Trainee: 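Quick one: structure below, then a few questions.
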Amino acid sequence: MRLRSTDPSRRGWSLARQLLLLQVVLVSLLVGGGALLAYLDAAQATDEKATDEVVSVAATLADSPGVRDALTSPDPSAELQPFTEQVRADTGVDFITIMNRAGIRYTHPNPELIGKRFIGNTAPALRGEVFTETYTGTLGPSVRAVLPVFGTDRKVLGLVSVGITVDAISAELSQRLPPVLAVAGGVLVVGMAGSYLVSARLRRQTRGFAPAELSGMFEYYEAILHSVREGLVLVGRDGRVVLCNDAARELLALPDDIRGRAVGQLGLAPELVSTFVSTEPASDELHVTETRVLLVNTVPVRSRDRAMGTVVTLRDHTELQSLTGELDTVRGFAESLRSQAHESANRLHAVVSLVELGRVEQAVEFATAELETAQQLTDRVVGAVAEPVLAALLLGKSSEASERGVELVLTEDTAMDDTTPHIDSRDLVTIVGNLIDNAVDAAIEEAAERAPRITVTVRTDDGELLMRVADTGPGIADADATDIFRRGWSTKPGGGAEGRGLGLALVGQAVRRHGGTVNVVNDPGAVFTVRIPLR
C-alpha cells in the first residue's frame, strides 16, 4: 500500500531532507562554536605570551648592573637610551621606558618624550611589586609590565616599563587565524559531506516519505496487521521472530513478548519450526498443534537480491478439518450401505434362484441364516454402545472392513452408556474412526501370514473412557513409537505427502484436548489404547 501524496506542495519535506537540514544546522553551530573557542584560546595564548615576554624583558633590565649604575650617574639618559633601543630592537617589544621614582622618563622610543612623566600606574612598582596592565599611553593601548630597580640596599632606585602595543598583538593573532579558519572550514566540509551521505542513505531507506506519511503508513499497517483474522509471522534471516500479529499468537498459543526470540524457543512442533525457518516456499501445508489444525503458507522475502527472511501466514483449519472428518464418516456410512446393499442384492439373487429351482426350504434357511448374522452384529453393537454416532461408526466400519476381507470383532466387555456429554461425538469419531482405518490397512498387510482381524473395545472403566483397537498387522517399530502421532508420519507409500500421516496426529490432538493419554504396544500387531478421564 502506497501513501505517497501526488501533490508535492502538500507533502512537505521528506524525513531525509529534514534530517539533512538539522544536521547542517548542528554541524554549522558546532564548527562555528569550535572556531570561536579556538580563536578565543589563540587570543588568550597571544596575550599570555605578550605578558610573559614584557615581564621577562623588564626583569632582565631591572636586574642589569649597568642599569643600576646608570640610574645613579649624572646623566642616565645618555647611557640608557642607546642601550634600551638596542634591546628593544633585539627583543621585538614596542617600547622600553626607564624612569626615576617620580616617573620622569630617561628612555623612550620617541626621544622627544624623554624627560616627561610616564603615563601609567607606578604605585605597585614603587612598593617593590611586579605588575602588568593594559593601558593606553603615548603609543596607544599596550600590554605593559612595570618593575622596580633595586639598589644594593634594596631601595628602589627607579622603574623599568616594557610594553607591546595591542596592534602588534592583534597582528600576531591575525597570523594565527587563517589556520584556525582552514581547520574549521575542513571540518565543516567533512561534516556537510557526512550529513549528505547519511541523508542520502536515509532517503533510500524511507523512499522519500515525509514524517507524517511514515507515521500514517505505520498506523495503517499496524491497524491492518492486528485486524486480519489470518495469522501473520515474519521470521528474520537469523530465525528470530520479527513480527507476530494477534491472530498468530492466538493460533499458536504464544505469549505477547516473542519479538526477537528464536522460533525454536517458542515451544512449537519441530515440523512447524522447520517450515518457519525454511528458505523454500510452502503452500497450504497442514500442521497439527495441541489444539488446532493449521494451514501454513510461507514465502521467502528478498530485497535487492538479499534475503530478508520469511513471511508465514496461518489459517485455522480446525473446523474445516472436523467437517471434513464428519464428511468422511458420512461417506463411510454411505459406502457401508452400498456394500450392504450389494451383499444383500447378491443374497437376494441367491434366494430367488433357489426358489426358482424349487428348493424353497433351502432358500428360507439361507435367508434366515444371513438375516440372523447381520442382526446379531447390529444387536451386539447397539446393545453395547449407547452413543448413537459411535454405534453407527462401528457398524459402518464393520461392513467396510468385511468388504475388504477384514473381520472386525467387538469384545465382550465393550459397554458404553451415554453419560459422557463432555466428550464431543466428533472427537469420538476422529479417535475410533482413524484407529480402525489404520488397523484395517495394517491387518491387510499381514493377510498372507494370518487372517486379518481387528478387535475393538469401548468401555467406561474407573472414571475414564477406554478405547482400544488391536490389529493383526506387523506392529509398530520401537523407534517409531514416539513419532507416530506426529503430522506426516506414515508407513504407507508416500508417507508424509499431502493426505498422509494426518489421522494419528488428529487422534493425538483430540485425546490431548480432553486430557487423556494414548499409547501403543505390539501384541503381536499394534494395540492402541486411549484413556480419557470422565469429568
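FYI, side chains are in, hydrogens and waters are out, and symmetry mates aren't considered; it's all heavy atoms of this structure. Computed from a prediction, not measured in an experiment: that's the story for all the values here.
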Trainee: Tell me, do L506 and I431 make a side-chain contact under 4.5 Å, heavy atoms counted?
Mentor: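 No, too far: nothing below the 4.5 Å cut-off.
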Trainee: Do S161 and V146 come within less than 4.5 Å of each other through their side chains, counting heavy atoms only?
Mentor: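 A side-chain contact exists here, since the closest heavy-atom pair is under 4.5 Å.
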Trainee: Are I258 and L266 close enough that some pair of their side-chain heavy atoms sits under 4.5 Å apart?
Mentor: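 Yes, at least one pair of side-chain atoms sits under 4.5 Å.
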Trainee: For residues V160 and T97, determine if any side-chain heavy atom of one lies less than 4.5 Å from a side-chain heavy atom of the other.
Mentor: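 Side chain of V160 against side chain of T97, heavy atoms only: no contact under 4.5 Å found.
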Trainee: Are the side chains of D63 and F150 in contact, using a 4.5 Å heavy-atom criterion?
Mentor: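 No. Closest side-chain heavy atoms not under 4.5 Å.
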Trainee: Are D52 and K49 within salt-bridge range, i.e. N to O under 4.0 Å?
Mentor: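 No, no charged N to carboxylate O under 4.0 Å.
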Trainee: For a side-chain contact (heavy atoms from CB on, under 4.5 Å) check, start with the C-alpha distance between L268 and L254, then their side-chain angles and the critical distance, and finish with the verdict.
Mentor: CA-CA 9 Å; L268 303 178; L254 298 175; 4.2 Å; yes
Trainee: Is there a side-chain contact between L147 and V162, using heavy atoms and a 4.5 Å cut-off?
Mentor: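 Side chain of L147 against side chain of V162, heavy atoms only: no contact under 4.5 Å found.
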Trainee: With sequence neighbours excluded, tell me which residues meet side-chain contact (heavy atoms from CB on, under 4.5 Å) with V312.
Mentor: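 For V312, the residues satisfying side-chain contact (heavy atoms from CB on, under 4.5 Å) (neighbours in sequence not counted) are V233, V235, F276, V296, T298, T310, L314.
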Trainee: Do you know the tightest heavy-atom contact between G260 and R240?
Mentor: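 Taking every non-hydrogen atom into account, O-NH1, 3.0 Å.
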Trainee: For residues G163 and V93, report the shortest heavy-atom separation together with the two atoms involved.
Mentor: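 Taking G163 first and V93 second, the nearest heavy atoms are O-CB, 3.8 Å.
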Trainee: Residues two or more places apart in sequence or in another chain: which of them pass side-chain contact (heavy atoms from CB on, under 4.5 Å) with R531?
Mentor: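 Partners of R531 under the side-chain contact (heavy atoms from CB on, under 4.5 Å) test: E464, L466, R468, T517, T529.
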Trainee: With a 4.5 Å limit on heavy-atom distance, are the side chains of V530 and L435 in contact?
Mentor: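 They are in contact (side-chain heavy atoms under 4.5 Å apart), so the answer is yes.
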Trainee: Of all residues at least two apart in sequence or in a different chain, which pass the side-chain contact (heavy atoms from CB on, under 4.5 Å) check with L157?
Mentor: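 L157 satisfies side-chain contact (heavy atoms from CB on, under 4.5 Å) with R68, L71, T72 only.
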Trainee: As an exercise, state the distance from CG of L251 to CG of L232, rounded to the nearest 0.5 Å.
Mentor: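 Here the rounded value is 11.5 Å.
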Trainee: Would T84 and H108 count as a side-chain contact (heavy atoms from CB on, under 4.5 Å) here? Give the steps.
Mentor: CA-CA 8 Å; T84 57; H108 194 275; over 6 Å; no
Trainee: Locate the shortest heavy-atom distance separating A248 from C244; write the atom from each residue and the value.
Mentor: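 Looking at all heavy atoms of both residues, the shortest contact is CB-SG, 3.6 Å.
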Trainee: Calculate, to the nearest 0.5 Å, the distance between atoms OH and CG belonging to Y106 and L80 respectively.
Mentor: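 The distance works out to 9.0 Å.
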Trainee: Say you draw a straight line from CZ of R105 to CG of L159; how long is it, rounded to the nearest 0.5 Å?
Mentor: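 Answer rounded to 0.5 Å: 12.5 Å.
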Trainee: Is there side-chain contact between V143 and T132, with heavy atoms separated by less than 4.5 Å?
Mentor: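 A side-chain contact under 4.5 Å is absent here.
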Trainee: I'd like to know if the side chain of S278 reaches the main chain of T275, judged simply by a donor and an acceptor atom lying under 3.5 Å from each other, with no hydrogens or angles considered.
Mentor: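 It does not hold such a pair.
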Trainee: Go through the steps to decide whether D316 and L295 satisfy the test side-chain contact (heavy atoms from CB on, under 4.5 Å), and finish with yes or no.
Mentor: CA-CA 6 Å; D316 192 356; L295 203 62; over 6 Å; no
Trainee: When rounded to the nearest 0.5 angstrom, what is the spacing between OG1 in T165 and CG in D94?
Mentor: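 Spacing of OG1 (T165) from CG (D94) equals 3.5 Å.
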Trainee: On a heavy-atom basis, which atom in P82 and which in S77 lie closest, and how many Å separate them?
Mentor: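 Taking every non-hydrogen atom into account, CD-O, 3.9 Å.
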Trainee: Which heavy atom of P255 sits nearest to which heavy atom of R249, and what is that distance?
Mentor: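 Looks like O-CD, 3.1 Å.
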Trainee: Apply side-chain hydrogen bond (donor to acceptor under 3.5 Å, both in side chains) to residues T91 and E53 and explain how you reach the verdict.
Mentor: CA-CA 9 Å; T91 57; E53 184 175 356; 5.4 Å; no
Trainee: For E85, what residues pass the side chain to side chain donor-acceptor pair (under 3.5 Å) criterion, not counting sequence neighbours?
Mentor: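 Counting only residues at least two positions away or on another chain, E85 forms a side chain to side chain donor-acceptor pair (under 3.5 Å) with R88.
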Trainee: Out of curiosity, L428 CG to H514 NE2, how far, rounded to the nearest 0.5 Å?
Mentor: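 L428 atom CG to H514 atom NE2 measures 7.5 Å (nearest 0.5 Å).
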Trainee: List the atom of P533, the atom of G515, and the distance in Å for their closest heavy-atom pair.
Mentor: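 Minimum heavy-atom contact is CD-O, 3.5 Å.
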Trainee: Only pairs under 3.5 Å count here: list side-chain donor-acceptor contacts from residues 118-127, not counting sequence neighbours, and write none if there are none.
Mentor:
{"unit_1": "N121", "atom_1": "ND2", "unit_2": "E133", "atom_2": "OE1", "d": "2.8"}

Trainee: Yes or no on side-chain contact (heavy atoms from CB on, under 4.5 Å) for T107 and I114, after CA distance, side-chain angles and deciding distance?
Mentor: CA-CA 6 Å; T107 64; I114 296 175; 5.5 Å; no
Trainee: Rounded to the nearest 0.5 Å, what separates atom OG in S274 from atom CD in E285?
Mentor: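 Nearest 0.5 Å value for the OG-CD distance: 8.5 Å.
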Trainee: Among residues at least two apart in sequence or on other chains, which ones pass side-chain contact (heavy atoms from CB on, under 4.5 Å) with N434?
Mentor: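 N434 satisfies side-chain contact (heavy atoms from CB on, under 4.5 Å) with T430, V507 once adjacent residues are dropped.
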